[in-house]
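Data first, discussion second: the structure below is written as structure tokens.
Everything numeric in this text was worked out from a predicted model, so none of it was measured. Position 1 is the first residue of the sequence; numbering continues from there. As the structure lists them, so they are numbered: ligands from 1, and atoms in each ligand from 1.
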Amino acid sequence: MHIIETQQLGHTYKGNIDALKNISFIAPRNTRIAIIGPNGAGKSTLFKHFNGVLKPTTGKVLIRGEPITKENIREVRRTVGLVFQNPDDQIFSPTVEQDVAFGPTNMGLDEEAVKHRVHEALSTVGLLDYRTRVPHHLSGGEKKRVAIAGIIAMEPQVLVLDEPTAGLDPQGVRDIVKFIKNFSVQYGMTVIFSTHSISLVAELADYIYVMNAGTFVAEGTVPEVFSQPELLASVRLDIPVLPKLITSLQSQGVPIEMGYTYQEAEQAFLKAFGKMS
Ligand SMILES: Nc1ncnc2c1ncn2[C@@H]1O[C@H](COP(=O)(O)OP(=O)(O)OP(=O)(O)O)[C@@H](O)[C@H]1O
């Protein structure tokens, strides 16, 4: 049984706006899934269905095989943690540590356990020194990190991150990338994320869904999706810069293997230029 599955999911907002049409999505356990698409493709709308923030207009959302109901919504939200695109939608406590403690406290954990979770989560996002600060006075990137900490403190089985690195500085991006990698590998958890940073997708995703105008237009592994530059361009997307450069060199007759991540590309260049066997 898949941890999240949608069957022919459709969502129509007021005003007859069809944001999702016939979406069939599967999230197996222990995978990192990227959802990419241009502005307005429907990514945030889809994410809000994963933990019952929105209700399907048509079709179904199943969490561990069960539809989301009033009775199981609390359990669903413990299983699937959603970090919204805009941290202001999520942060409401007077201090950073109270904000991060809110979820674990609500889950009924004792004070010691809550303290431990808050410490771990704030240290993961590099905000331990911000414990007593007022969240609404933080910068955009700091707020984003508080919002992420608030969800990871609940240790959900599935972490859904809507543009987790938007607005973060380069070290902030590195921290989140490291966290996403560790989170899925160490704890065997599923991470679903959207991003407009295409190089991040190559580094992090086991599987990619490409969305446009409320539907999936392609899906597959990193090589499968990024070997279709025309299709991606037709929906305002691009392939990462490293495979783009390698493709250009190949087309000029340079014998170099394809690489999608920094590490793969580095190996390909070293090999092509005789620095490695
Ligand atoms: N509350 C709402 N009421 C009406 N229309 C909405 C609402 N929220 C989103 N939409 C519309 O639904 C469509 C999908 O929006 P959504 O926010 O899911 O896209 P997205 O892929 O997350 O975009 P972005 O990359 O810009 O964040 C868009 O056309 C948007 O204008």
> Can you find a protein heavy atom under 4.0 Å from atom 19 (O) of ligand 1?
Replying inline: yes

> For atom 17 (O) of ligand 1, what is the nearest protein heavy atom, given as residue, atom name and distance?
Replying inline: Ser44 CB, 3.7 Å

>> Check for me, please, whether Leu138 and Val125 land in the same ILVMFWY cluster - side-chain distances under 4.5 Å, paths through other members count.
In response: yes

> Based purely on interatomic distance, does Gly42 place a nitrogen or oxygen under 3.5 Å from a nitrogen or oxygen of ligand 1?
Replying inline: yes

> What atoms of ligand 1 come within less than 4.0 Å of a heavy atom belonging to Gln85?
Replying inline: 27 (O)

> Are Lys48 and ligand 1 in contact, using a heavy-atom cut-off of under 4.0 Å?
Replying inline: no

> Hey, any chance Ile63 and Ile33 share a hydrophobic cluster, counting ILVMFWY side chains that come within less than 4.5 Å of each other, even indirectly?
Replying inline: yes

> Which residue holds the protein heavy atom closest to atom 4 (C) of ligand 1, what is that atom called, and what is the gap in Å?
Replying inline: Tyr13 CB, 3.4 Å

>> Membership question, hydrophobic clusters at under 4.5 Å side-chain separation (ILVMFWY): are Val100 and Ile152 in the same one?
In response: yes

>> For the CD atom of Gln157 and the CD1 atom of Ile3, what is their distance to the nearest 0.5 Å?
In response: 4.0 Å

> Counting only heavy atoms, which portion of Thr45 has something under 4.0 Å from ligand 1: side chain, backbone, both, or neither?
Replying inline: both

> Nearest to atom 24 (P) of ligand 1 by heavy atom, Asn39, Ile35, Leu20: which?
Replying inline: Asn39

> Relative to the heavy atoms of Ala19, which atoms of ligand 1 are at a distance of less than 4.0 Å?
Replying inline: 12 (O), 13 (C)

> Counting from 1, what ligand 1 atoms have a heavy atom of Ile17 closer than 4.0 Å?
Replying inline: 4 (C), 5 (N)

> Numbering the atoms of ligand 1 from 1, which are under 4.0 Å from a heavy atom of Glu163?
Replying inline: 25 (O), 27 (O)

>> I'd like to know whether the aromatic ring centres of His49 and Phe47 sit less than 6.0 Å apart in this structure.
In response: no

> Using a heavy-atom cut-off of under 4.0 Å, does the side chain or the backbone of His196 touch ligand 1, or both, or neither?
Replying inline: side chain

> Is there a chain of hydrophobic side chains (I, L, V, M, F, W, Y, each step under 4.5 Å between heavy atoms) that links Phe193 to Phe216?
Replying inline: no

>> To the closest 0.5 Å, what do you measure between CG (Leu161) and CD1 (Ile180)?
In response: 5.0 Å

> Taking all non-hydrogen atoms of both residues, which atom of Thr95 and which atom of Thr132 are closest, and how far apart?
Replying inline: CG2-O, 4.1 Å

>> Would Ala41 count as being in polar contact with ligand 1, using the rule that some N or O on each side must be under 3.5 angstrom apart?
In response: yes

>> Applying a strict under-4.5 Å side-chain criterion to I, L, V, M, F, W and Y, I'd like to know whether Met154 and Ile68 cluster together.
In response: no

>> For atom 25 (O) of ligand 1, what's the nearest protein heavy-atom neighbour? Residue, atom name and distance, please.
In response: Lys43 NZ, 2.8 Å

> With respect to atom 13 (C) of ligand 1, which of Gly40, Gly15, Gly214, Pro38 exhibits the smallest heavy-atom separation?
Replying inline: Gly40

> In Å and rounded to the nearest 0.5 Å, what is the OG1 to CD distance from Thr195 to Glu203?
Replying inline: 12.0 Å

